[in-house]
Q: 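The structure is given below, and queries will be raised subsequently.
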Amino acid sequence: MITLADVHRLYRSDEVETTALRSIDLNIQEGEFVAVMGPSGCGKSTLLNILGTIDRPTSGKYFFRDRDLTDLTEADLAKLRRDNLGFVFQSFNLIDELTIAENVELGVIYRPWGRKDRKAKVEAAMDRVGIAHRARHYPHQLSGGQQQRAAIARAVVGQPSLILADEPTGNLDTENGAQVMGILRDLNTEGATIVMVTHSPSHADEAKRTVSMLDGRIVVSARHAI
């Protein structure tokens, strides 16, 4: 599904040049569940942003399903994200002024679907993560665990083939973190490819493979015993 070939990412200002990623070679197969680990500042989030086409490599190649994304326009990348990617963030990123159902619907608002189809997809997504009963509530009326489940519903409502999760359990207690991991495992079992940045070794162990990073490089890629 994904191939990164000799990817570098540099950030330049007038006086400073910072290398966030160095010589990244990475292959992710359809249906994998990959955890990305490493100390703060090692390049994990930069890698996730490039996989999500939110950021572009300074050099190197990114292939998504054998399609070279290097020279795609922003409009083409936006369409690719719309049709293929779902994002889950540590801070939930829900919009306070919208109900939970309206927040989830944002995941498919630009799909060429009718209102009835969108509503059915939103209801199904909320139901599968256990927050359908909170559809008319607002984010501030939900617990942290419920907000993260709403964020996952928004990420998966369009049935993306690739889910990118940046510390999805980072703001949650143990019980809610376990519930979120259970949802991600189920999505992976159903066929979604998942790349998850995490600081939790126990949550990384629930993935099929762990990629460890240090100083902008991949230093270890280890598959887990089944």
Q: Please confirm whether the backbone N or O of G130 pairs with a side-chain atom of R149, one donor and one acceptor, at under 3.5 Å?
A: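 Checked: pair present.
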Q: I'd like to check I194 versus I163 (side-chain heavy atoms, cut-off strictly below 4.5 Å). Are they in contact?
A: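 A side-chain contact under 4.5 Å exists here.
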Q: Would you say N171's side chain and Q90's backbone share a donor-acceptor pair under 3.5 angstrom?
A: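 Checked: pair present.
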Q: Indicate, with yes or no, if F63 and L47 share a hydrophobic cluster defined by side-chain heavy-atom contacts under 4.5 Å among Ile, Leu, Val, Met, Phe, Trp and Tyr.
A: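 Different clusters.
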Q: Please find the pair of heavy atoms, one from P57 and one from V7, that lie closest to each other, and give the distance.
A: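 That closest heavy-atom pairing would be CB-CG1, 3.8 Å.
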Q: In Å and rounded to the nearest 0.5 Å, what is the CD to OG distance from Q148 to S91?
A: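 One gets 8.5 Å once the value is rounded to the nearest 0.5 Å.
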Q: With side-chain contact (heavy atoms from CB on, under 4.5 Å) as the criterion, how do L26 and V34 come out once you've worked through the C-alpha distance, each side chain's angles and the decisive distance to 0.1 Å?
A: CA-CA 11 Å; L26 179 64; V34 178; 5.8 Å; no
Q: Which pair of heavy atoms, one from R9 and one from T58, lies closest together, and at what distance?
A: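 Taking R9 first and T58 second, the nearest heavy atoms are NH1-OG1, 3.2 Å.
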Q: In terms of hydrophobic clustering (I, L, V, M, F, W, Y; side-chain heavy atoms under 4.5 Å; direct or indirect links), are V156 and L142 co-clustered?
A: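 Same hydrophobic cluster.
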Q: Any salt bridge between D68 and K61, counting N to O under 4.0 Å?
A: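 Between K61 and D68 there is a salt bridge, with a charged N closer than 4.0 Å to a carboxylate O.
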Q: Give a yes or no on whether L214 and V220 share a hydrophobic cluster (residues Ile, Leu, Val, Met, Phe, Trp, Tyr; joining criterion: side-chain heavy atoms under 4.5 Å apart).
A: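 Yes, L214 and V220 fall within the same hydrophobic cluster.
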Q: CG of D127 to CD1 of I131: how many Å apart, nearest 0.5 Å?
A: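 So the CG of D127 and the CD1 of I131 are separated by 10.0 Å.
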Q: Quick check: do R67 and L72 have side-chain heavy atoms less than 4.5 Å from each other?
A: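 SC-SC contact between R67 and L72 confirmed.
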Q: Atom CG of residue position D66 - does it have more than 12 heavy atoms of other residues, nucleotides or ligands inside 6.0 Å?
A: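 Atom CG in D66 is not crowded, with 12 or fewer foreign heavy atoms closer than 6.0 Å.
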Q: Taking atom types as modelled and ignoring hydrogens, do the side chains of T198 and H203 form a donor-acceptor contact shorter than 3.5 angstrom?
A: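 Judged by distance alone, the side chains do not pair up.
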Q: In terms of relative ring orientation, are F89 and F87 parallel, tilted or perpendicular, with 30° and 60° separating the classes?
A: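 The arrangement is parallel - the two ring planes meet at less than 30°.
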Q: Taking I95's backbone N and O only, do any of them form a donor-acceptor pair with N103's side chain (distance below 3.5 Å, no angle check)?
A: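 Answer holds: yes.
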Q: Between R81 (side chain only) and T53 (backbone N and O only), is there a donor and an acceptor less than 3.5 Å apart?
A: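 Checking the backbone N and O of T53 against the side chain of R81, a donor-acceptor pair under 3.5 Å is found.
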Q: With a 4.5 Å heavy-atom cut-off, do L85 and L80 have their side chains touching?
A: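 Answer yes - side chains close enough.
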Q: In terms of side-chain heavy atoms, does H8 have a donor or acceptor partner in T19 at a distance below 3.5 Å?
A: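 Short answer, no.
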Q: Measure the spacing between OG of S45 and CG of D55 and express it to the nearest 0.5 Å.
A: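 The CG atom of D55 is 11.0 Å from OG of S45, to the nearest 0.5 Å.
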Q: Any non-hydrogen side-chain atom of D25 less than 4.5 Å from a side-chain atom of L4?
A: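 Contact flag for D25/L4 side chains = no.
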Q: Quick check: is F64 connected to V211 through a chain of hydrophobic side chains (ILVMFWY, heavy atoms under 4.5 Å apart)?
A: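 Looking at the clustering, F64 is in the same group as V211.
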Q: Evaluate the side-chain proximity of S23 to D6: yes if any heavy-atom separation is below 4.5 Å, no if none is.
A: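 Yes - at least one pair of side-chain heavy atoms lies under 4.5 Å apart.
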Q: Mind checking the CD1-CG spacing from I54 to L48? Nearest 0.5 Å is all I need.
A: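 With rounding to 0.5 Å, CD1 (I54) is 7.5 Å from CG (L48).
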Q: Of all the heavy-atom pairs spanning M37 and P201, show the shortest one and how long it is.
A: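 Shortest heavy-atom contact: CE-N, 3.8 Å.
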Q: Take a 6.0 Å sphere around CG of D117 and say whether it holds more than 12 heavy atoms from other residues, nucleotides or ligands.
A: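 Buried by this count: over 12 neighbours within 6.0 Å.
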Q: Would you give the length of the straight line joining atom NZ of K208 to atom CD of E32, rounded to the nearest 0.5 angstrom?
A: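 Here the interatomic distance stands at 7.5 Å.
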Q: Which residue in the set I183, I152, L187, V157 passes side chain to side chain contact (heavy atoms under 4.5 Å, CB included) when paired with R128?
A: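 The side chain to side chain contact (heavy atoms under 4.5 Å, CB included) with R128 is passed solely by L187 among I183, I152, L187, V157.
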Q: Check the pair R134, Q147 against side-chain contact (heavy atoms from CB on, under 4.5 Å), reporting the backbone distance first and the verdict last.
A: CA-CA 10 Å; R134 296 290 194 175; Q147 289 187 59; over 6 Å; no
Q: With the 4.5 Å side-chain cut-off for hydrophobic clustering, are V108 and L164 part of the same group?
A: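 In one cluster: no.
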Q: Distance from Q141 atom CD to I100 atom CD1, nearest 0.5 Å?
A: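 Output value for this atom pair is 8.5 Å.
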Q: side-chain contact (heavy atoms from CB on, under 4.5 Å) between Q179 and Q146: does it pass, once the steps are laid out?
A: CA-CA 10 Å; Q179 291 176 356; Q146 290 171 331; over 6 Å; no
Q: Would a distance-only check, ignoring hydrogens and angles, find a side-chain to backbone donor-acceptor pair under 3.5 Å from T169 to L172?
A: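 No: the side chain of T169 does not pair with the backbone of L172.
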Q: Where is the tightest heavy-atom contact between V36 and K44, given as atom of each residue plus distance?
A: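 Answer, listing the atom of V36 first, then K44: O-CD, 3.8 Å.
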Q: Restricting to non-hydrogen atoms, name the atom on L51 and the atom on Y62 that form the minimum distance, rounded to 0.1 Å.
A: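 Closest approach of L51 to Y62: O-OH, 2.7 Å.
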Q: Using the side chain to side chain contact (heavy atoms under 4.5 Å, CB included) definition, which of the options V122, L94, V88 pairs with R154?
A: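 Answer after filtering V122, L94, V88: L94.
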Q: Please tell me if the side chains of Q29 and T193 come closer than 4.5 Å, counting only heavy atoms from C-beta onward.
A: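 No; the side chains remain at least 4.5 Å from each other.
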Q: At their closest point, which heavy atom of A155 faces which heavy atom of P160, and how far apart are they?
A: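 Looks like O-CG, 3.3 Å.
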Q: Before giving the answer on side-chain contact (heavy atoms from CB on, under 4.5 Å), spell out for I50 and I24 the whole-Å C-alpha distance, their side-chain angles and the decisive distance to 0.1 Å.
A: CA-CA 11 Å; I50 285 177; I24 297 293; over 6 Å; no
Q: Between S161 and R65, is there a side-chain heavy-atom distance shorter than 4.5 Å?
A: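 Of all side-chain heavy-atom pairs linking S161 with R65, at least one is under 4.5 Å.
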Q: With a 4.5 Å heavy-atom cut-off, do M1 and I28 have their side chains touching?
A: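 Result no, sub-4.5 Å side-chain heavy-atom pair not found.
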